[in-house]
J.: 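Okay, handing you the structure first.
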2 protein chains.
Amino acid sequence: MRTVSLRDRKRTRTRQALVDAATDLFESRGYDQTTIAEIAAAAEIGTRTFFSYFASKEDLLFPEADVRVQAGLDAIAARGPEEGPAEVLLRALRQIGEDSDDLSGRLAALRLRLIRTVPAVRGRGLQLQQDAQRQIVRHLAAAFPDQLDEVGAGALTGAFVGAVTGALQVLLGDSDDPIEPAAVQQALEVAVAVALTPWLRHPDHQQ
Amino acid sequence: MRTVSLRDRKRTRTRQALVDAATDLFESRGYDQTTIAEIAAAAEIGTRTFFSYFASKEDLLFPEADVRVQAGLDAIAARGPEEGPAEVLLRALRQIGEDSDDLSGRLAALRLRLIRTVPAVRGRGLQLQQDAQRQIVRHLAAAFPDQLDEVGAGALTGAFVGAVTGALQVLLGDSDDPIEPAAVQQALEVAVAVALTPWLRHPDHQQ
DNA sequence: CCAGAAAACCGCACTCAGTGCAGATTGGCA
DNA sequence: TGCCAATCTGCACTGAGTGCGGTTTTCTGG
């Protein structure tokens with residue numbers, strides 16, 4: 001038994017229609033050249049109704065943000081008895097990376113491009129990232145009360161996330177479409193090595 | 001001989017008047033309740049003219065961003081012969097922290113509060129931080145061509161900046177005015193220890 | 001099957017940020 | 001002094017986002 005009331009199904013469908021319509025329009029016409037009115041019209045709802053689905057135009061690019069954050073928090077909660085904070089963060093990252101097609105997929109590719117192109121989108125993305133980070137810090141500190149205080153958890157999480165995004169930012173830098181998974185993997189390993197070296201117990205980590 | 005043409009002096013004065021007026025109005029009325037028209041009127045210029053001084057309302061809170069970034073880049077350029085990348089980053093941070101009253105000062109305090117309060121301001125701040133970070137990465141990679149490639153420099157800088165901001169974010173968390181410099185110093189040391197341990201040659205660093 | 005309540009839809013009018021344009025002002029400089 | 005360029009400013013406009021109020025649709029209990 002899921003959330004299957006007609007109301008909710010309809011709402012989910014409309015929401016998806018909005019994302020799809022926005023994806024199409026952003027790709028063909030460009031982000032700034034697309035108005036919310038056009039997106040709403042393409043999804044066959046009134047302009048006013050749009051704002052009961054998304055609070056802003058930018059949010060169309062990050063539709064399942066909360067789901068991904070939750071996956072990360074779950075990964076922290078499911079820590080093994082022998083894991084330290086660094087291992088947990090690493091596993092959480094892999095978890096998020098797996099169940100979301102974050103580098104393939106039409107919307108994902110569009111998002112990456114618009115993040116590099118449109119300031120408003122970048123700002124919103126960074127904002128969401130920081131919010132997620134804050135939650136991770138709280139859960140991490142709570143999960144390792146003897147090894148980390150809040151400030152330490154903030155520093156560790158910040159270093160980890162900062163290293164990964166810093167490396168990815170350089171890697172995805174200016175080129176457009178051709179993203180090689182191998183290179184991404186390599187960049188992540190560099191970032192992890194830089195950020196987590198003093199934290200990992202086993203210096204070798206496969207995959 | 002500086003930039004002392006009457007034109008430039010006048011322009012600088014008007015710019016400062018705008019920042020001052022905005023500071024006053026933001027403090028008394030609140031950020032969202034203050035319109036650009038009001039700020040412009042308080043600084044005795046036309047509403048339209050405002051946009052030839054600042055591109056947006058948020059930018060009023062970050063008036064000397066470029067100056068600070070430049071100070072950081074200079075600090076990198078002035079590296080000593082025995083310094084590694086981590087030491088340079090550390091020195092750059094201290095440099096920036098010194099010549100900008102970033103934790104005292106009316107505008108600085110207001111900025112911190114609004115960053116926590118107003119999403120648009122936070123987004124803009126993160127954006128500026130990321131831009132600065134990108135420049136630092138470039139300069140750092142150029143300064144240490146044998147020790148760092150671009151991706152490594154991105155990871156290192158990201159880890160460093162991420163750790164510091166992550167720790168500060170937790171520290172400045174929810175409280176409002178009372179910021180104790182000693183606690184800040186402590187948080188920075190924690191962050192540096194977390195992020196730079198494997199990079200620093202001398203594990204002890206005074207001050 | 002049928003109220004009535006709740007939630008969603010949606011038009012209307014509004015505020016405000018930000019832009020393009022064109023004309024008036026003013027400072028720089030020969 | 002007089003010309004050029006930068007600056008200032010009002011006007012008109014677009015587009016995001018909000019509050020309000022009335023209508024439609026869905027849910028729930030009898």
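Fair warning: this is a prediction, and the values are worked out from it, not measured in the lab.
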J.: Heavy atoms under 4.0 Å, any strand shown: does B:Y53 hit a base, just sugar-phosphate, or nothing?
T.: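 Counting heavy atoms under 4.0 Å across all strands, the contact made by B:Y53 is with sugar-phosphate only.
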J.: How many Å lie between CZ on A:F51 and P on C:dC12, as a whole number?
T.: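 It works out to 17 Å between those atoms.
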J.: Do any side-chain atoms of residues 129-145 of chain A form donor-acceptor pairs under 3.5 angstrom with protein atoms, and if so which ones, sequence neighbours left out?
T.:
unit_1	atom_1	unit_2	atom_2	d
A:Q130	OE1	B:R122	NH1	3.1
A:D131	OD1	B:R122	NH1	2.9
A:D131	OD1	B:R122	NH2	3.3

J.: Do B:R111 side-chain atoms and B:L61 backbone N/O form a donor-acceptor pair below 3.5 Å?
T.: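 Checking the backbone N and O of B:L61 against the side chain of B:R111, a donor-acceptor pair under 3.5 Å is found.
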J.: Please answer whether the main-chain N or O of B:P63 pairs with a side-chain N or O of B:R15 as donor and acceptor at a distance below 3.5 Å.
T.: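 Checking the backbone N and O of B:P63 against the side chain of B:R15, a donor-acceptor pair under 3.5 Å is found.
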J.: Counting any heavy atom closer than 4.0 Å, what does A:F54 reach on the DNA or RNA strands: base, sugar-phosphate only, or nothing?
T.: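 Nothing: the residue A:F54, judged by heavy atoms under 4.0 Å, touches no strand.
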J.: Counting only heavy atoms not in B:Q186 (residues, nucleotides, ligands), do more than 12 fall under 6.0 Å from its CD?
T.: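 No, not enclosed.
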J.: Contact list please: residues 29-46 of chain A against DNA chain C, heavy atoms, distance less than 4.0 Å, in numerical order.
T.: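 Here the set is A:I45, A:G46.
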J.: I'd like to know if the side chain of B:T165 and the backbone of B:G162 have a donor-acceptor N/O pair within less than 3.5 Å.
T.: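 At least one qualifying donor-acceptor pair exists.
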J.: Please report the C-alpha distance between A:I36 and A:F54 in whole Å, then the side-chain angles of each, then the deciding distance to 0.1 Å, and finally whether the side-chain contact (heavy atoms from CB on, under 4.5 Å) criterion is met.
T.: CA-CA 10 Å; A:I36 287 183; A:F54 294 94; over 6 Å; no
J.: Using a heavy-atom distance cut-off of less than 4.0 Å, which residues of residues 12-25 of chain A contact DNA chain C?
T.: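 Hits under 4.0 Å, by residue number: none.
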J.: Kindly calculate the angle separating the two end axes of the helix from C:dC1-D:dG30 to C:dA30-D:dT1, each obtained from five base pairs, and round it to 10 degrees.
T.: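 The helix from C:dC1-D:dG30 to C:dA30-D:dT1 shows an end-to-end axis angle of 20°.
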J.: Salt-bridge test for B:D24 and B:R106: reply yes if a basic N is under 4.0 Å from a carboxylate O, no otherwise.
T.: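 Yes, charged N to carboxylate O under 4.0 Å.
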J.: Do A:V170 and B:D149 pass the side-chain contact (heavy atoms from CB on, under 4.5 Å) test, and can you show the C-alpha distance, the side-chain angles, and the key distance before you say yes or no?
T.: CA-CA 10 Å; A:V170 170; B:D149 57 355; over 6 Å; no
J.: Name the first nucleotide and the last nucleotide along DNA chain D (5' to 3') that come under 4.0 Å of a heavy atom in chain B.
T.: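 Both ends considered, the range comes out as D:dA5 to D:dC11.
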J.: May I ask you to verify if any side-chain N or O of A:S52 is less than 4.0 angstrom from the OP1 or OP2 atom of C:dA8?
T.: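 Result: no.
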J.: With 3.5 Å as the limit, what N/O pairs link the protein to nucleotides 25-27 of chain C?
T.:
unit_1	atom_1	unit_2	atom_2	d
C:dG27	OP1	B:K10	NZ	3.4
C:dG27	N3	B:R7	NH2	3.3

J.: Any donor and acceptor pair, going by atom type alone, linking the side chain of B:E87 with main-chain N or O of B:G84 inside 3.5 Å?
T.: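 Such a contact is found between B:E87 side chain and B:G84 backbone.
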J.: Here's one to test your reading of the geometry: is the NZ or CZ of B:R11 within 45 degrees of the ring axis of B:Y53 and under 6.0 Å from its centre?
T.: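 Ring-cation test returns yes.
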J.: Cation-pi check, A:K57 to A:Y31: give yes when NZ or CZ is under 6.0 Å from the six-membered ring centre and within 45° of the ring axis, no otherwise.
T.: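 Output yes; distance and angle both within limits.
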J.: Give a yes-or-no answer on whether the side chains of A:D74 and A:Q70 include a donor-acceptor pair shorter than 3.5 Å.
T.: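 Judged by distance alone, the side chains do pair up.
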J.: Going by side chain to side chain contact (heavy atoms under 4.5 Å, CB included), B:F26 matches just one of B:V121, B:V118, B:L110. Which one?
T.: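 It is B:L110, the one option of B:V121, B:V118, B:L110 that forms the side chain to side chain contact (heavy atoms under 4.5 Å, CB included) with B:F26.
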J.: Going through the checks in order, is the side-chain contact (heavy atoms from CB on, under 4.5 Å) test met by B:V69 and B:I96?
T.: CA-CA 8 Å; B:V69 172; B:I96 295 178; over 6 Å; no
J.: Hey, is CD on A:Q33 packed in by over 12 heavy atoms from elsewhere, all under 6.0 Å?
T.: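 For A:Q33, atom CD is crowded (more than 12 foreign heavy atoms under 6.0 Å).
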J.: Side-chain N or O of B:R48 versus OP1/OP2 of C:dC21: is the shortest distance under 4.0 Å?
T.: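 So the side-chain polar atoms of B:R48 never come under 4.0 Å of the phosphate oxygens OP1 or OP2 of C:dC21.
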